[in-house]
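Some notes on the structure that comes next.
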Protein chains: 2
Amino acid sequence: MSLRHSVLGLLVIQPSTGYELAQRFDRTLRNAWHASHSQIYPELAKLQEEGMVEVVGEGARRSRTYAATERGRQELVRWMTEEEPVRTQRNETAVRWFLLALVPPQARRAPLEREIAYTSAELADLEDIEAGMSAEQPFRPTVELALRMNAVMLDWLKEQLNRS
Amino acid sequence: MSLRHSVLGLLVIQPSTGYELAQRFDRTLRNAWHASHSQIYPELAKLQEEGMVEVVGEGARRSRTYAATERGRQELVRWMTEEEPVRTQRNETAVRWFLLALVPPQARRAPLEREIAYTSAELADLEDIEAGMSAEQPFRPTVELALRMNAVMLDWLKEQLNRS
DNA sequence: GTTGACATGTAACAAGTTACATGATTGA
DNA sequence: TCAATCATGTAACTTGTTACATGTCAAC
(Lines give C-alpha, C1' and ligand atoms only; values in the text may rest on other atoms or scores of the structure.)
Protein backbone atom coordinates (compact mmCIF):
# COMPACT_ATOMS: atom_id res chain seq x y z
CA MET A 1 0.00 0.00 0.00
CA SER A 2 1.90 2.99 -1.32
CA LEU A 3 -1.08 5.30 -0.86
CA ARG A 4 -0.18 6.10 2.71
CA HIS A 5 3.49 6.77 2.03
CA SER A 6 2.69 8.84 -1.03
CA VAL A 7 0.35 10.99 1.05
CA LEU A 8 2.92 11.22 3.81
CA GLY A 9 5.62 12.19 1.34
CA LEU A 10 3.52 14.84 -0.35
CA LEU A 11 2.70 16.33 3.07
CA VAL A 12 6.36 16.38 4.06
CA ILE A 13 7.11 18.34 0.90
CA GLN A 14 4.23 20.72 1.42
CA PRO A 15 1.24 20.86 3.83
CA SER A 16 -2.01 20.53 1.88
CA THR A 17 -5.73 19.94 2.07
CA GLY A 18 -7.19 16.66 0.85
CA TYR A 19 -8.39 18.43 -2.23
CA GLU A 20 -4.93 19.76 -3.00
CA LEU A 21 -3.43 16.32 -2.45
CA ALA A 22 -5.74 14.88 -5.10
CA GLN A 23 -4.42 17.50 -7.53
CA ARG A 24 -0.82 16.89 -6.57
CA PHE A 25 -1.22 13.15 -7.16
CA ASP A 26 -2.37 13.95 -10.69
CA ARG A 27 0.37 16.48 -11.34
CA THR A 28 3.51 15.38 -9.59
CA LEU A 29 2.84 11.65 -9.17
CA ARG A 30 1.11 11.11 -12.55
CA ASN A 31 3.67 8.55 -13.64
CA ALA A 32 4.00 6.89 -10.26
CA TRP A 33 0.76 6.61 -8.29
CA HIS A 34 -2.85 7.58 -8.63
CA ALA A 35 -5.31 8.29 -5.83
CA SER A 36 -8.74 9.85 -5.91
CA HIS A 37 -10.29 12.00 -3.21
CA SER A 38 -12.52 9.15 -2.02
CA GLN A 39 -9.36 7.31 -1.01
CA ILE A 40 -7.43 10.32 0.23
CA TYR A 41 -9.88 11.62 2.82
CA PRO A 42 -10.26 8.33 4.72
CA GLU A 43 -6.49 7.81 4.58
CA LEU A 44 -5.85 11.27 6.05
CA ALA A 45 -8.25 10.43 8.89
CA LYS A 46 -6.38 7.18 9.58
CA LEU A 47 -2.98 8.88 9.43
CA GLN A 48 -4.19 11.56 11.83
CA GLU A 49 -5.49 8.94 14.27
CA GLU A 50 -2.04 7.33 14.20
CA GLY A 51 -0.29 10.64 14.81
CA MET A 52 1.46 10.66 11.42
CA VAL A 53 -0.22 13.86 10.22
CA GLU A 54 -1.90 16.79 11.94
CA VAL A 55 -4.19 19.65 11.00
CA VAL A 56 -2.13 22.83 10.80
CA GLY A 57 -4.76 25.21 9.51
CA GLU A 58 -8.38 25.67 8.58
CA GLY A 59 -9.48 27.79 5.66
CA ALA A 60 -12.49 28.73 3.65
CA ARG A 61 -15.15 26.13 2.77
CA ARG A 62 -14.43 23.99 5.82
CA SER A 63 -11.03 23.07 4.41
CA ARG A 64 -8.32 21.63 6.63
CA THR A 65 -4.63 21.79 5.82
CA TYR A 66 -2.64 18.76 6.96
CA ALA A 67 1.08 18.44 7.58
CA ALA A 68 3.28 15.46 8.42
CA THR A 69 4.28 15.18 12.06
CA GLU A 70 7.76 14.15 13.25
CA ARG A 71 6.41 10.62 13.62
CA GLY A 72 5.11 10.71 10.07
CA ARG A 73 8.48 11.90 8.79
CA GLN A 74 10.23 9.10 10.65
CA GLU A 75 7.81 6.51 9.30
CA LEU A 76 8.49 7.72 5.78
CA VAL A 77 12.26 7.39 6.18
CA ARG A 78 11.83 3.96 7.77
CA TRP A 79 9.70 2.85 4.82
CA MET A 80 12.20 4.22 2.31
CA THR A 81 15.26 2.64 3.90
CA GLU A 82 14.06 -0.53 5.60
CA GLU A 83 11.03 -1.88 3.82
CA GLU A 84 11.46 -4.17 0.83
CA PRO A 85 9.99 -2.45 -2.26
CA VAL A 86 7.01 -4.05 -3.96
CA ARG A 87 7.96 -4.28 -7.63
CA THR A 88 4.57 -5.00 -9.18
CA GLN A 89 3.44 -2.35 -11.63
CA ARG A 90 0.20 -1.43 -13.30
CA ASN A 91 0.45 0.74 -16.36
CA GLU A 92 -2.13 0.34 -19.09
CA THR A 93 -0.15 2.50 -21.48
CA ALA A 94 2.79 0.08 -21.22
CA VAL A 95 0.44 -2.85 -21.88
CA ARG A 96 -0.84 -1.12 -25.01
CA TRP A 97 2.65 -0.39 -26.31
CA PHE A 98 3.63 -3.99 -25.73
CA LEU A 99 0.58 -5.25 -27.63
CA LEU A 100 1.07 -2.87 -30.58
CA ALA A 101 2.72 -5.64 -32.60
CA LEU A 102 -0.59 -7.53 -32.57
CA VAL A 103 -2.46 -4.75 -34.36
CA PRO A 104 -2.37 -5.17 -38.16
CA PRO A 105 0.09 -2.61 -39.66
CA GLN A 106 -2.69 -0.67 -41.44
CA ALA A 107 -4.53 -0.16 -38.13
CA ARG A 108 -1.36 0.72 -36.21
CA ARG A 109 -1.10 4.36 -37.30
CA ALA A 110 -4.09 5.63 -35.32
CA PRO A 111 -3.04 4.31 -31.90
CA LEU A 112 0.58 5.28 -32.56
CA GLU A 113 -0.37 8.85 -33.43
CA ARG A 114 -2.54 9.07 -30.32
CA GLU A 115 0.39 7.89 -28.17
CA ILE A 116 2.77 10.32 -29.85
CA ALA A 117 0.37 13.18 -29.17
CA TYR A 118 0.01 12.11 -25.55
CA THR A 119 3.72 11.68 -24.96
CA SER A 120 4.61 14.95 -26.70
CA ALA A 121 2.17 16.79 -24.43
CA GLU A 122 3.69 15.11 -21.36
CA LEU A 123 7.15 16.07 -22.52
CA ALA A 124 6.14 19.70 -23.12
CA ASP A 125 4.58 19.76 -19.66
CA LEU A 126 7.77 18.46 -18.07
CA GLU A 127 9.86 21.01 -19.98
CA ASP A 128 7.66 23.79 -18.58
CA ILE A 129 8.04 22.42 -15.07
CA GLU A 130 11.80 22.14 -15.46
CA ALA A 131 12.06 25.69 -16.84
CA GLY A 132 10.30 27.05 -13.76
CA MET A 133 12.59 25.22 -11.35
CA SER A 134 15.80 26.54 -9.83
CA ALA A 135 18.91 24.34 -10.08
CA GLU A 136 18.94 23.63 -6.34
CA GLN A 137 15.33 22.44 -6.06
CA PRO A 138 15.47 19.03 -4.36
CA PHE A 139 12.95 17.59 -6.83
CA ARG A 140 14.70 18.75 -9.95
CA PRO A 141 16.41 15.34 -10.44
CA THR A 142 13.00 13.64 -10.47
CA VAL A 143 11.78 15.95 -13.21
CA GLU A 144 14.98 15.34 -15.15
CA LEU A 145 14.48 11.59 -14.99
CA ALA A 146 10.88 11.88 -16.19
CA LEU A 147 12.08 14.16 -18.97
CA ARG A 148 14.71 11.69 -20.17
CA MET A 149 12.29 8.77 -20.02
CA ASN A 150 9.65 10.65 -21.97
CA ALA A 151 12.20 11.64 -24.59
CA VAL A 152 13.22 7.99 -25.04
CA MET A 153 9.56 6.98 -25.28
CA LEU A 154 8.74 9.64 -27.85
CA ASP A 155 11.72 8.63 -30.00
CA TRP A 156 10.65 5.02 -29.86
CA LEU A 157 7.06 5.81 -30.81
CA LYS A 158 8.25 7.83 -33.81
CA GLU A 159 10.46 4.94 -34.91
CA GLN A 160 7.50 2.60 -34.71
CA LEU A 161 5.40 4.99 -36.77
CA ASN A 162 8.12 5.23 -39.45
CA ARG A 163 8.19 1.46 -39.71
CA SER A 164 4.48 1.00 -40.27
CA MET B 1 -9.47 -3.38 -16.49
CA SER B 2 -6.36 -4.28 -18.45
CA LEU B 3 -6.27 -7.78 -17.03
CA ARG B 4 -8.57 -9.17 -19.67
CA HIS B 5 -6.79 -7.53 -22.59
CA SER B 6 -3.40 -8.51 -21.25
CA VAL B 7 -4.54 -12.13 -21.03
CA LEU B 8 -6.09 -11.91 -24.48
CA GLY B 9 -2.89 -10.40 -25.89
CA LEU B 10 -0.64 -13.00 -24.33
CA LEU B 11 -2.88 -15.74 -25.73
CA VAL B 12 -2.80 -14.21 -29.21
CA ILE B 13 1.01 -14.26 -29.05
CA GLN B 14 1.12 -17.83 -27.76
CA PRO B 15 -1.51 -20.29 -26.47
CA SER B 16 -0.85 -21.08 -22.81
CA THR B 17 -2.19 -22.64 -19.66
CA GLY B 18 -3.24 -20.42 -16.76
CA TYR B 19 -0.07 -21.39 -14.98
CA GLU B 20 2.07 -20.35 -17.95
CA LEU B 21 0.18 -17.07 -18.20
CA ALA B 22 1.07 -16.24 -14.60
CA GLN B 23 4.74 -16.79 -15.47
CA ARG B 24 4.48 -14.73 -18.65
CA PHE B 25 2.94 -11.83 -16.75
CA ASP B 26 5.97 -11.83 -14.46
CA ARG B 27 8.47 -12.16 -17.28
CA THR B 28 7.21 -10.25 -20.26
CA LEU B 29 4.77 -7.84 -18.62
CA ARG B 30 6.86 -7.17 -15.45
CA ASN B 31 7.03 -3.45 -16.17
CA ALA B 32 3.46 -3.16 -17.42
CA TRP B 33 0.94 -5.30 -15.57
CA HIS B 34 0.85 -7.84 -12.79
CA ALA B 35 -1.65 -10.64 -12.32
CA SER B 36 -1.58 -13.64 -10.04
CA HIS B 37 -3.07 -17.05 -10.76
CA SER B 38 -6.04 -16.40 -8.49
CA GLN B 39 -7.08 -13.65 -10.88
CA ILE B 40 -6.07 -15.40 -14.09
CA TYR B 41 -8.11 -18.58 -13.71
CA PRO B 42 -11.47 -16.87 -13.13
CA GLU B 43 -10.72 -14.42 -15.96
CA LEU B 44 -9.98 -17.30 -18.36
CA ALA B 45 -13.32 -18.86 -17.41
CA LYS B 46 -15.15 -15.59 -18.12
CA LEU B 47 -13.32 -15.07 -21.42
CA GLN B 48 -14.19 -18.62 -22.47
CA GLU B 49 -17.86 -18.07 -21.61
CA GLU B 50 -17.82 -14.99 -23.82
CA GLY B 51 -16.18 -16.85 -26.69
CA MET B 52 -12.98 -14.80 -26.57
CA VAL B 53 -10.73 -17.77 -25.77
CA GLU B 54 -11.02 -21.53 -26.20
CA VAL B 55 -9.32 -24.64 -24.90
CA VAL B 56 -7.02 -25.97 -27.61
CA GLY B 57 -5.36 -28.76 -25.72
CA GLU B 58 -5.21 -30.70 -22.51
CA GLY B 59 -1.97 -31.92 -21.04
CA ALA B 60 -0.52 -33.56 -18.00
CA ARG B 61 -1.75 -32.65 -14.51
CA ARG B 62 -5.23 -31.63 -15.70
CA SER B 63 -3.75 -28.63 -17.51
CA ARG B 64 -5.69 -26.85 -20.23
CA THR B 65 -4.05 -24.77 -22.91
CA TYR B 66 -6.10 -21.76 -24.01
CA ALA B 67 -5.87 -19.78 -27.22
CA ALA B 68 -7.59 -16.58 -28.34
CA THR B 69 -10.50 -17.08 -30.76
CA GLU B 70 -11.16 -14.85 -33.77
CA ARG B 71 -13.63 -12.93 -31.61
CA GLY B 72 -10.96 -12.47 -28.96
CA ARG B 73 -8.49 -11.22 -31.54
CA GLN B 74 -11.06 -8.74 -32.84
CA GLU B 75 -11.87 -7.52 -29.34
CA LEU B 76 -8.18 -6.92 -28.71
CA VAL B 77 -7.78 -4.83 -31.87
CA ARG B 78 -10.97 -2.91 -31.05
CA TRP B 79 -9.63 -2.15 -27.58
CA MET B 80 -6.25 -1.06 -28.94
CA THR B 81 -7.64 1.21 -31.64
CA GLU B 82 -10.98 2.49 -30.34
CA GLU B 83 -10.94 2.56 -26.58
CA GLU B 84 -9.56 5.61 -24.78
CA PRO B 85 -6.49 4.54 -22.76
CA VAL B 86 -6.65 4.81 -18.98
CA ARG B 87 -3.53 6.74 -18.01
CA THR B 88 -3.45 6.07 -14.28
CA GLN B 89 -0.33 4.27 -13.14
CA ARG B 90 0.73 2.42 -10.04
CA ASN B 91 4.44 1.91 -9.58
CA GLU B 92 5.84 1.83 -6.08
CA THR B 93 9.41 2.00 -7.35
CA ALA B 94 8.63 5.32 -9.05
CA VAL B 95 7.08 6.63 -5.82
CA ARG B 96 10.26 5.69 -3.93
CA TRP B 97 12.53 7.38 -6.45
CA PHE B 98 10.41 10.50 -6.28
CA LEU B 99 10.58 10.57 -2.49
CA LEU B 100 14.35 9.97 -2.35
CA ALA B 101 14.95 13.69 -1.83
CA LEU B 102 13.14 13.45 1.53
CA VAL B 103 15.61 10.93 2.92
CA PRO B 104 18.52 12.62 4.72
CA PRO B 105 21.68 12.40 2.52
CA GLN B 106 23.49 10.06 4.97
CA ALA B 107 20.59 7.56 4.77
CA ARG B 108 20.24 7.83 0.99
CA ARG B 109 23.10 5.50 0.03
CA ALA B 110 21.41 2.28 1.14
CA PRO B 111 18.17 2.66 -0.84
CA LEU B 112 20.10 4.02 -3.84
CA GLU B 113 22.44 1.04 -3.88
CA ARG B 114 19.49 -1.33 -3.60
CA GLU B 115 17.82 0.36 -6.58
CA ILE B 116 21.03 0.28 -8.61
CA ALA B 117 21.38 -3.45 -7.92
CA TYR B 118 17.78 -4.05 -8.92
CA THR B 119 17.95 -1.98 -12.10
CA SER B 120 21.29 -3.49 -13.15
CA ALA B 121 19.80 -6.95 -12.82
CA GLU B 122 16.78 -5.93 -14.90
CA LEU B 123 19.06 -4.47 -17.54
CA ALA B 124 21.19 -7.62 -17.67
CA ASP B 125 18.03 -9.68 -18.01
CA LEU B 126 16.80 -7.57 -20.90
CA GLU B 127 20.19 -7.82 -22.61
CA ASP B 128 19.98 -11.62 -22.41
CA ILE B 129 16.47 -11.55 -23.85
CA GLU B 130 17.55 -9.25 -26.68
CA ALA B 131 20.59 -11.40 -27.46
CA GLY B 132 18.35 -14.44 -27.90
CA MET B 133 15.96 -12.65 -30.26
CA SER B 134 16.17 -12.53 -34.04
CA ALA B 135 15.99 -9.11 -35.71
CA GLU B 136 12.57 -9.84 -37.21
CA GLN B 137 10.84 -10.86 -33.97
CA PRO B 138 7.71 -8.71 -33.70
CA PHE B 139 8.37 -8.04 -30.01
CA ARG B 140 11.95 -6.96 -30.40
CA PRO B 141 11.00 -3.25 -30.40
CA THR B 142 9.33 -3.68 -27.02
CA VAL B 143 12.48 -5.17 -25.55
CA GLU B 144 14.53 -2.38 -27.08
CA LEU B 145 12.32 0.24 -25.45
CA ALA B 146 12.59 -1.44 -22.05
CA LEU B 147 16.34 -1.65 -22.55
CA ARG B 148 16.68 2.07 -23.29
CA MET B 149 14.45 3.04 -20.38
CA ASN B 150 16.38 0.87 -17.97
CA ALA B 151 19.67 2.32 -19.20
CA VAL B 152 18.37 5.85 -18.57
CA MET B 153 17.18 4.84 -15.11
CA LEU B 154 20.46 3.21 -14.18
CA ASP B 155 22.43 6.29 -15.30
CA TRP B 156 20.16 8.51 -13.24
CA LEU B 157 20.50 6.36 -10.13
CA LYS B 158 24.29 6.42 -10.42
CA GLU B 159 24.22 10.20 -10.74
CA GLN B 160 22.12 10.43 -7.60
CA LEU B 161 24.57 8.18 -5.77
CA ASN B 162 27.52 10.33 -6.83
CA ARG B 163 25.79 13.41 -5.49
CA SER B 164 25.11 12.02 -2.03
C1' DG C 1 9.77 -41.62 -0.55
C1' DT C 2 10.18 -36.95 -0.65
C1' DT C 3 11.12 -32.51 -2.50
C1' DG C 4 10.06 -29.13 -5.85
C1' DA C 5 7.89 -27.54 -9.79
C1' DC C 6 3.58 -27.93 -12.24
C1' DA C 7 -1.33 -27.03 -12.16
C1' DT C 8 -5.95 -25.36 -10.80
C1' DG C 9 -9.17 -23.57 -7.91
C1' DT C 10 -11.87 -20.77 -3.97
C1' DA C 11 -12.59 -17.65 0.12
C1' DA C 12 -11.63 -13.81 2.95
C1' DC C 13 -9.86 -9.58 2.92
C1' DA C 14 -7.78 -5.13 1.26
C1' DA C 15 -7.45 -1.57 -2.09
C1' DG C 16 -9.36 1.21 -5.62
C1' DT C 17 -13.32 3.20 -8.63
C1' DT C 18 -17.62 5.23 -9.56
C1' DA C 19 -21.58 7.19 -8.14
C1' DC C 20 -24.11 9.70 -4.89
C1' DA C 21 -24.45 13.62 -1.69
C1' DT C 22 -23.82 18.13 0.17
C1' DG C 23 -22.39 22.68 0.69
C1' DA C 24 -19.17 27.15 0.16
C1' DT C 25 -17.04 30.65 -2.58
C1' DT C 26 -15.70 33.14 -6.70
C1' DG C 27 -16.30 35.39 -10.91
C1' DA C 28 -18.98 36.41 -15.00
C1' DT D 1 -28.13 34.26 -10.47
C1' DC D 2 -25.69 30.87 -12.62
C1' DA D 3 -21.74 28.11 -13.60
C1' DA D 4 -17.40 26.58 -12.27
C1' DT D 5 -14.34 25.34 -8.94
C1' DC D 6 -13.29 24.40 -4.26
C1' DA D 7 -13.98 21.14 -0.59
C1' DT D 8 -15.32 17.03 2.01
C1' DG D 9 -17.52 12.90 2.74
C1' DT D 10 -19.90 8.00 2.19
C1' DA D 11 -21.83 3.74 -0.20
C1' DA D 12 -21.87 0.25 -3.57
C1' DC D 13 -19.23 -2.08 -6.45
C1' DT D 14 -15.01 -3.93 -8.82
C1' DT D 15 -10.41 -5.29 -8.77
C1' DG D 16 -6.47 -7.30 -6.68
C1' DT D 17 -3.92 -9.89 -2.72
C1' DT D 18 -3.12 -13.43 0.51
C1' DA D 19 -4.20 -17.55 2.37
C1' DC D 20 -6.19 -21.91 2.06
C1' DA D 21 -6.91 -26.25 -0.48
C1' DT D 22 -5.93 -30.06 -3.42
C1' DG D 23 -3.71 -32.96 -6.51
C1' DT D 24 0.03 -34.49 -10.41
C1' DC D 25 4.40 -35.58 -12.07
C1' DA D 26 9.54 -35.80 -12.49
C1' DA D 27 13.94 -36.23 -10.61
C1' DC D 28 16.88 -37.49 -6.91
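Just so we're on the same page: letters track the sequence lines, and every chain starts at 1.
- Read 5' to 3', the first and last nucleotides of DNA chain D with an atom closer than 4.0 Å to a heavy atom of chain B are D:dT15 to D:dC25.
- Rounding to the nearest 0.5 angstrom, the gap separating the CG atom in A:Leu47 from the CG atom in A:Leu8 is 6.0 Å.
- The pair A:Glu144-A:Arg140 meets the salt-bridge criterion, since a charged nitrogen lies less than 4.0 angstrom from a carboxylate oxygen.
- Ion pairing between A:Arg96 and A:Glu92 holds under the 4.0 Å rule for side-chain N and carboxylate O.
- Salt bridge annotation for A:Arg71-A:Glu75: absent, with no cationic side-chain nitrogen under 4.0 angstrom from a carboxylate oxygen.
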- [ ] Give the intermediate values and the outcome of side chain to side chain contact (heavy atoms under 4.5 Å, CB included) for residues A:Leu10 and B:Phe98.
- [x] CA-CA 10 Å; A:Leu10 289 174; B:Phe98 174 72; 4.3 Å; yes
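- Counting only residues at least two apart or on different chains, the ring-ring contact (aromatic ring centres under 6.0 Å, His included) pairs with a member in residues 69-91 of chain B are B:His5-B:Trp79.
- Under the 4.0 Å criterion applied to side-chain N and carboxylate O atoms, A:Glu122 and A:Arg30 are assigned as salt-bridge partners.
- Within residues 51-68 of chain B, the residues that have a heavy atom under 4.0 Å from DNA chain C are, in order of number, B:Arg61, B:Arg62, B:Ser63, B:Arg64.
- Note: CG (A:Leu3) to C1' (C:dG16) measures 9 Å, nearest angstrom.
- Rounded to whole Å, atom P of C:dT17 lies 16 Å from atom OH of A:Tyr41.
- Summarising the geometry, the separation between CD on A:Glu92 and P on C:dG16 is reported as 17 Å, rounded to the nearest angstrom.
- The separation between B:Gln89 atom CD and C:dG16 atom C1' is 16 Å, rounded to whole Å.
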TODO: Go through the steps to decide whether A:Arg109 and A:Ser164 satisfy the test side chain to side chain donor-acceptor pair (under 3.5 Å), and finish with yes or no.
DONE: CA-CA 7 Å; A:Arg109 283 194 91 80; A:Ser164 55; 5.1 Å; no
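- Sorted by first and then second residue, the side-chain hydrogen bond (donor to acceptor under 3.5 Å, both in side chains) pairs involving residues 39-53 of chain A (not counting sequence neighbours) are A:Arg4-A:Glu43, A:Arg4-A:Glu50.
- If you take CG on A:Asp26 and CG on A:Leu21, they are separated by 11.5 Å, rounding to the nearest 0.5 Å.
- Contacts between residues 10-34 of chain B and DNA chain D, defined by a heavy-atom separation below 4.0 Å, involve B:Trp33, B:His34, listed by number.
- Nearer the 5' end of DNA chain D, as judged by each residue's closest nucleotide, is the contact made by B:Lys46, out of B:Ser36 and B:Lys46.
- Contact check, B:Arg90 against C:dT17: a side-chain N or O comes under 4.0 Å of OP1 or OP2.
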TODO: Evaluate the side chain to side chain donor-acceptor pair (under 3.5 Å) criterion for residues B:Arg90 and A:Ser2: first the C-alpha distance (whole Å), next the side-chain angles of each, then the deciding distance (0.1 Å), finally the verdict.
DONE: CA-CA 9 Å; B:Arg90 265 166 237 280; A:Ser2 299; over 6 Å; no
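- Salt bridge A:Arg87/B:Glu115: present, at least one basic N to carboxylate O contact under 4.0 Å.
- For the pair B:Leu44 CG and C:dT8 C1', the computed distance is 11 Å after rounding to whole Å.
- Under the 4.5 Å side-chain heavy-atom criterion for grouping Ile, Leu, Val, Met, Phe, Trp and Tyr, B:Trp33 is not connected to B:Tyr19 through any hydrophobic cluster.
- Note that the two end axes of the helix from C:dG1-D:dC28 to C:dA28-D:dT1 enclose an angle of 30°, each drawn from 5 base pairs, rounded to 10 degrees.
- Protein atom CZ of A:Arg4 is 12 Å distant from nucleotide atom P of C:dG16, rounded to whole Å.
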